[in-house]
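Structure first, commentary second.
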Amino acid sequence: MKIFNTLSGRKEEFVPLDKNGVKMYVCGVTVYDVCHFGHALSYISFDVIRRYLEYRGYNVKYVQNFTDIDDKIINRSNERGIPWRDLVEKYISEFFADMDALNIKRATIYPRATEEIPMIIEVIKVLIEKKHAYVSTDGSVYFSVRSFPDYGKLTHQTAAEMRVTETLQAEKKEDSLDFALWKAAKPGEPFWPSPWGEGRPGWHIECTAMSIHHLGRQLDIHGGGQDLMFPHHENEIAQSECYTGLQPFVRIWMHNGFLQLGADKMSKSLGNLVTIKQALERNSADAIRLFIVSSYYRMPLRYSLEALDAAEAGIERMKQALKAEGKPGGTVVEPEQFKTRFIEAMDDDFNTPQAVAALFDLVREINRGNERGMDVGKARDMLKELTAVIGFTLQEKKAVSGELVAKIEELVEKRNGYRKAREWKLADEVRNQLKEMGIAIEDTPRGTTWKLTR
Ligand SMILES: [Zn+2]
């Protein structure tokens, strides 16, 4: 299996550190707002990659963090006049509702920055001891970029090139490229005690501490969007390799392409974001996934309603093929060649457009064979196996009985009671109970709504 490594700039044969296990880390969200289509693109891409690795027999330990303390969270909490912890809990539960609705497999572990403060402090201490970091006069700690000559190796830039985009900030650091590991508390901000005074962790150090804590000192795969390559991932490499003394921190760096609306990258500054909830109101999770995997994960994806609708029609054809009935004694559609094509495509840096093309050729064979009264049973089973690897559910929506509606509404009420009492764990348990029943809930300004996910 070959995977494109951003670090080397080429496709490399994939050999995990441990022959059966894959240690995989993907940067998670900063929980201050709902997720949008760009998150769906990134997390569906890495979900497919993870599912395929599992299909090939690897035991994948997949860690994805929550950044649950950050300037954006503090600002949003002040704007809305709600405690930052409540804001964080709200958007973590919204995140899970969105990801579940998109049929994204849950990570093995979801560490939160605020629960990892001891490890973060431990890493910073060692970096200071090794002279890779320094304490500034206000009690903040900065990483000294000039102490790590390899800085810039991921994005293939020299310090001079990186300085071009760097603006000098009014921070007490020695060099404009240096970045904060620990931020001294400002009045009114949340803080934790540390050897350098009260403060909170910087963003980059969280990922180093959480990935090393949960996966060990070297990872097989580290993923994220291309927008995280610089400075975030360069900083992660600098911190981690200086802390452990081991190289490389990550064997394979993987980055998904940008989402584009028209010619522009989809971003908050454009004010034309599509949230995952809005996308799911219009299209099924399967269609959204098909739209995403029809494009190569490293390439930019142009958001297009026409393409989403075409994907919806494609999903219907797949469902129809899965309903095709086997007729004993007829001619068999031979499915192995489609599986071979599928695996060849996926083994070549997860080339999902080609893998999906093989699936649709199989769909056509099944539907054609079925019309001619052939036995398509084997081919249909193969289609079921391979579509599951991509993560399609291909399930028909079920009708809901009045009895079930009453039961669901009772549970939603119960959960709202817990939420009011700030019993978040109990509220989460009810949400999980609903999820097991195939019900996704959504908290809106007008109250909690629910819908069937299968
Ligand atoms: Zn990260």
Side-chain angles (χ1 to χ4, degrees), residues 1-12 14-17 21-30 35-56 58-67 95 98-99 102 104-111 153-155 203-204 206-216 218-237 239-240 248-259 289 292-293 295-301 346-352 389-391:
M1 187 190 306
K2 285 195 158 54
I3 306 182
F4 183 88
N5 187 355
T6 308
L7 189 62
S8 63
R10 55 187 165 78
K11 288 180 193 170
E12 295 176 13
F14 179 58
V15 185
L17 287 153
V22 174
K23 298 170 178 188
M24 182 166 174
Y25 185 89
V26 175
C27 291
V29 288
T30 300
C35 288
H36 54 78
F37 209 94
H39 295 112
L41 167 61
S42 190
Y43 296 131
I44 286 175
S45 298
F46 286 106
D47 183 52
V48 172
I49 288 163
R50 178 225 192 145
R51 283 172 187 267
Y52 186 68
L53 290 167
E54 288 174 344
Y55 180 65
R56 295 306 302 269
Y58 293 111
N59 182 8
V60 180
K61 187 169 179 189
Y62 183 107
V63 177
Q64 191 178 316
N65 68 297
F66 284 119
T67 294
F95 170 86
D98 286 347
M99 296 299 122
L102 289 171
I104 291 170
K105 275 183 85 166
R106 290 214 175 181
T108 319
I109 307 169
Y110 287 99
K153 68 179 171 182
L154 179 70
T155 47
W203 172 37
H204 315 295
E206 294 172 15
C207 283
T208 284
M210 290 189 264
S211 56
I212 292 176
H213 184 186
H214 294 283
L215 291 169
Q218 285 183 299
L219 321 181
D220 293 304
I221 294 175
H222 190 314
Q226 281 172 0
D227 51 337
L228 296 181
M229 278 164 50
F230 182 79
H232 185 53
H233 289 162
E234 289 285 4
N235 293 353
E236 277 189 43
I237 291 174
Q239 295 163 160
S240 307
F249 162 49
V250 171
R251 311 267 302 253
I252 298 201
W253 282 93
M254 297 184 73
H255 294 96
N256 66 273
F258 287 123
L259 181 67
R289 187 174 286 253
I292 287 170
V293 300
S295 168
Y296 189 25
Y297 77 92
R298 285 197 281 129
M299 295 293 136
L301 175 68
M346 292 298 280
D347 272 359
D348 183 15
D349 192 31
F350 309 97
N351 191 329
T352 52
V389 176
I390 299 291

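Just so you know, these numbers use all the heavy atoms, side chains as well, and skip hydrogens, waters and symmetry mates. Remember, it's a predicted structure, so these values are computed and weren't measured experimentally.
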Check: Hey, what do you get for OG1 (Thr6) to CD (Gln226), rounding to the nearest 0.5 Å?
Finding: 7.5 Å
Checklist line | Ring centroid separation Phe46 to Tyr62 under 6.0 Å | finding: no
Margin query: Once rounded to the nearest 0.5 Å, what's the spacing between atom CG of Asp98 and atom NE2 of His36?
Written below: 11.0 Å
Check: Could you state the interatomic distance from SG (Cys207) to CD (Gln239), rounded to the nearest 0.5 Å?
Finding: 8.5 Å
Notebook entry, point to check: Backbone N or O of Met229 within a donor-acceptor pair of the Glu234 side chain at under 3.5 Å?
Noted result: no
Check: Is the number of heavy atoms from other residues, nucleotides or ligands within 6.0 Å of NZ (Lys11) greater than 12?
Finding: yes
Check: Hey, are the side chains of Thr108 and Met24 touching, using non-hydrogen atoms and a 4.5 Å cut-off?
Finding: no
Note to self: When you compare the side chain of His233 with that of Glu236, does any pair of heavy atoms fall below 4.5 Å?
What the structure shows: yes
Next item on the list: Give the minimum heavy-atom separation between Thr352 and Ser295, together with the two atoms involved.
Entry: OG1-O, 3.5 Å
Check: Would a 4.5 Å heavy-atom cut-off, applied to side chains only, mark Arg289 and Ile104 as touching?
Finding: yes
Item checked: Parallel, tilted or perpendicular: ring planes of His204 versus His232, cut at 30 and 60 degrees -> tilted
Next item on the list: Could you give me the CA-CA distance, side-chain angles and deciding distance for Tyr43 and Leu102, then say whether side chain to side chain contact (heavy atoms under 4.5 Å, CB included) is met?
Entry: CA-CA 10 Å; Tyr43 296 131; Leu102 289 171; over 6 Å; no
Next item on the list: Check Arg251 against Asp220 and note the closest heavy-atom contact, atom names and distance.
Entry: CB-O, 3.5 Å
Notebook entry, point to check: So which heavy atom on Gly224 is nearest to which on Ser42, and how close?
Noted result: C-OG, 4.4 Å
Checklist line | Closest heavy-atom pair and its distance - Gln64, Gly28 | finding: CG-CA, 3.8 Å
Margin query: Parallel, tilted or perpendicular, judged at 30° and 60°: which one describes the rings of Trp253 and His255?
Written below: parallel
Item checked: From CA spacing to verdict: side chain to side chain contact (heavy atoms under 4.5 Å, CB included), Val63, Ser211 -> CA-CA 7 Å; Val63 177; Ser211 56; over 6 Å; no
Notebook entry, point to check: For the side chain of Lys61 and the backbone of His214, is there at least one donor-acceptor N/O pair under 3.5 Å apart?
Noted result: yes
Check: Do the non-hydrogen side-chain atoms of Arg50 and Val26 ever get within less than 4.5 Å of each other?
Finding: no
Notebook entry, point to check: Mind checking whether Val250 and Tyr25 have side chains closer than 4.5 Å, heavy atoms only?
Noted result: no
Checklist line | Beyond-backbone contact of Phe249 with Ile212, side-chain heavy atoms, under 4.5 angstrom | finding: yes
Item checked: Phe4 ring center near Tyr296 ring center (under 6.0 Å) -> no
Checklist line | Shortest non-hydrogen contact between Gly38 and Leu259, atoms and distance | finding: N-CD2, 3.6 Å
Check: Taking the six-membered ring for Trp, are Tyr52 and Tyr55 parallel (under 30°), tilted (30 to 60°) or perpendicular (over 60°)?
Finding: tilted
Item checked: Reported CZ-to-CZ distance for the pair Arg298 and Phe350, which is rounded to 0.5 angstrom -> 11.5 Å
Notebook entry, point to check: Does a side-chain heavy-atom distance below 4.5 Å link Arg56 with Asp347?
Noted result: yes
Checklist line | Value rounded to 0.5 Å, distance of CG in Leu53 from CD1 in Ile221 | finding: 5.0 Å
Next item on the list: Could you grab the distance from atom CD1 of Ile49 to atom CE of Met254, nearest 0.5 Å is fine?
Entry: 3.5 Å
Check: Can you tell if the side chain of Met346 reaches within under 4.5 Å of the side chain of Asn351, non-hydrogen atoms only?
Finding: no
Check: So, the side chain of Asn256 versus the backbone of Tyr297: is there a donor-acceptor pair under 3.5 Å, distance only?
Finding: no
Item checked: Nearest non-hydrogen partners of Ser240 and Thr208, listed with the distance -> OG-OG1, 2.9 Å
